[in-house]
Amino acid sequence: VESNRVEVNIAKQTVKLSDVVSLDNTSVVFNGSEITVNAVIKPGYENIIRLFSISGNTGTNVGNYTVTATFEIIDEENYVFENSTATVNLDWEITPKTIALKDYSWSFDPEHPFVYNGSEQFVVLDGLPTYIDTEGAYSGNSAINAGTYIATIDVDVLEANNPNYDFDTTDFVAECEWWIEKRVVNLEDDFAWNYTSPFTFSGSEFTVALTGLPADAQVQYGGTYSATNAGTYTATATVTLNSENYISTGTVAPLNWTV
């Protein structure tokens, strides 16, 4: 009996990686930490292919990245990669974090303005995170002398300094008028002589002087403010303060002192 035999060839099914592999996240907002994305196999193919190696799937700073993932066939009897390509490239990105500048106010209270103290005083955006680089962004925000000033912040400089952030200027007040008031000084009460009790003769010279004077004060002493011999003396002092930064009242009371 003659038998009829038919030979059937079943071709292996091709797997096109770009159709069955994707990333679990293709756009992530910058958060200051290292970000990792993962290659995900399309449902139904988990038992057909598996991940062999992956690179380019981590990043920290804002930018465009490319994942290179290589796979291998699990069921080699029935499947084969299209064009023998076992590697796929997948693009992803880290986008800037948005900071709404309207959430930050200038560190100046008109009800409690600065008073001249001889040191530099300044205003900034209060509460702006310390990791934000503000170098070169502020202008007019620091001063020493009494007066009225206008502080501004250049958002373009902020963005150039901080490429991982976008600065939203909606409803943001970009300038601040601020001032340093003159220091009011009562010459009679605010400065004291450095004399509390009589000196005892020792053969050396004793000198009395005012304490608590600002560094920029000018003092002219009169009377007898230095002596060696026992006796009672009277010292005087005339204090001159820069009218640009001070409002002075009263006079320094003379000091009667004894050796």
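Here the structure is a predicted model, which means the values were calculated and not measured.
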Spell out, yes or no, whether [X] and [Y] are grouped together once hydrophobic residues are joined by side-chain heavy atoms under 4.5 Å, including indirect joins.
X: Ile144; Y: Trp179; value: yes
X: Leu51; Y: Phe81; value: yes
X: Ile150; Y: Val124; value: no
X: Ile247; Y: Val185; value: no
X: Val115; Y: Phe122; value: no

Report task. Classify the ring geometry between Trp92 and Tyr65 as parallel (under 30°), tilted (30 to 60°) or perpendicular (over 60°). Result ->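 It falls in the parallel class, under 30°.
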**Report entry** Aromatic plane relationship, Trp257 with Tyr233 - under 30° parallel, 30 to 60° tilted, over 60° perpendicular
**Finding:**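 Aromatic pair Tyr233/Trp257 classed tilted.
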Reported [atom1]-to-[atom2] distance for the pair [X] and [Y], which is rounded to 0.5 angstrom:
X: Ile73; Y: Phe52; atom1: CD1; atom2: CZ; value: 13.5 Å
X: Asn245; Y: Asn117; atom1: CG; atom2: CG; value: 10.0 Å
X: Phe114; Y: Ser119; atom1: CZ; atom2: OG; value: 12.0 Å
X: Thr134; Y: Leu158; atom1: OG1; atom2: CG; value: 7.0 Å
X: Thr240; Y: Gln220; atom1: OG1; atom2: CD; value: 7.5 Å
X: Glu177; Y: Thr148; atom1: CD; atom2: OG1; value: 6.0 Å

Is any side-chain heavy atom of [X] closer than 4.5 Å to a side-chain heavy atom of [Y]?
X: Thr58; Y: Ile35; value: no
X: Leu125; Y: Ser107; value: no
X: Leu255; Y: Tyr195; value: yes
X: Val28; Y: Thr95; value: no
X: Thr87; Y: Leu17; value: no
X: Asn229; Y: Val259; value: no
X: Val40; Y: Val21; value: no

Query raised in the report: What do the steps show when you test Asp91 against Asn64 for side chain to side chain contact (heavy atoms under 4.5 Å, CB included), and what is the final call?
Result: CA-CA 7 Å; Asp91 295 329; Asn64 296 313; over 6 Å; no
Report task. Go through the steps for Ile74 and Tyr79 under the test side chain to side chain contact (heavy atoms under 4.5 Å, CB included), then give the verdict. Result -> CA-CA 8 Å; Ile74 299 172; Tyr79 294 89; over 6 Å; no
Query - Pair Val155-Leu101, side chain to side chain contact (heavy atoms under 4.5 Å, CB included): steps then yes or no - result: CA-CA 9 Å; Val155 178; Leu101 290 177; 3.9 Å; yes
Measure across [X] and [Y] and return the closest heavy-atom pair with its distance rounded to 0.1 Å.
X: Gly250; Y: Leu187; answer: O-CD1, 3.3 Å
X: Ala146; Y: Glu244; answer: CB-O, 3.5 Å
X: Ile180; Y: Ala143; answer: CD1-O, 3.7 Å
X: Tyr104; Y: Pro129; answer: OH-CD, 3.8 Å
X: Lys12; Y: Val80; answer: CB-CG1, 4.2 Å
X: Val37; Y: Asn25; answer: CG1-O, 3.3 Å

Requested in this report: Sequence neighbours left out, what pairs pass ring pair (Phe, Tyr, Trp, His ring centres under 6.0 Å) with at least one residue falling in residues 144-175?
Outcome: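 Of all non-adjacent pairs touching residues 144-175, those that pass ring pair (Phe, Tyr, Trp, His ring centres under 6.0 Å) are Phe30-Tyr165, Tyr131-Tyr165, Tyr149-Trp178.
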Could you verify whether a donor N or O on one side chain and an acceptor N or O on the other, from [X] and [Y], lie under 3.5 Å apart?
X: Thr98; Y: Asp168; result: no
X: Glu34; Y: Thr60; result: no
X: Ser142; Y: Glu120; result: yes
X: Asp216; Y: Asn242; result: no
X: Thr36; Y: Asn57; result: no

Are any side-chain N or O atoms of [X] and backbone N or O atoms of [Y], one a donor and one an acceptor, separated by less than 3.5 Å?
X: Tyr225; Y: Ala237; value: no
X: Asn141; Y: Val123; value: yes
X: Thr236; Y: Pro254; value: no
X: Lys182; Y: Ser243; value: yes
X: Asp24; Y: Asn38; value: yes
X: Thr232; Y: Thr258; value: no
X: Gln121; Y: Asn145; value: no

Report task. Mind jotting down which residue pairs meet the salt bridge (charged side-chain N to carboxylate O under 4.0 Å, His left out) criterion with at least one end in residues 67-83? Sequence neighbours excluded, please. Result ->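 Qualifying pairs: Arg50-Glu72.
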Report task. Take Asn256 and Thr234 through the side chain to side chain donor-acceptor pair (under 3.5 Å) test and state the conclusion after the steps. Result -> CA-CA 4 Å; Asn256 294 316; Thr234 299; 2.7 Å; yes
Report task. For ring pair (Phe, Tyr, Trp, His ring centres under 6.0 Å), just list the numbers for Phe199 and Phe206, CA-CA rounded to whole Å, side-chain angles, deciding distance to a tenth of an Å, and then say yes or no. Result -> CA-CA 8 Å; Phe199 299 106; Phe206 297 99; 4.6 Å; yes
Requested in this report: Walk me through it: do Phe71 and Ile41 pass the test side chain to side chain contact (heavy atoms under 4.5 Å, CB included)?
Outcome: CA-CA 10 Å; Phe71 291 81; Ile41 298 172; 3.9 Å; yes
Report task. With sequence neighbours excluded, give me every side-chain hydrogen bond (donor to acceptor under 3.5 Å, both in side chains) pair touching residues 152-164. Result ->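 Checked against side-chain hydrogen bond (donor to acceptor under 3.5 Å, both in side chains) - neighbours excluded - the pairs reaching residues 152-164 are Asn61-Asn164, Ser139-Thr152.
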Query raised in the report: Can you check side chain to side chain donor-acceptor pair (under 3.5 Å) on Asn89 and Thr68, steps first, answer last?
Result: CA-CA 5 Å; Asn89 293 322; Thr68 299; 2.9 Å; yes
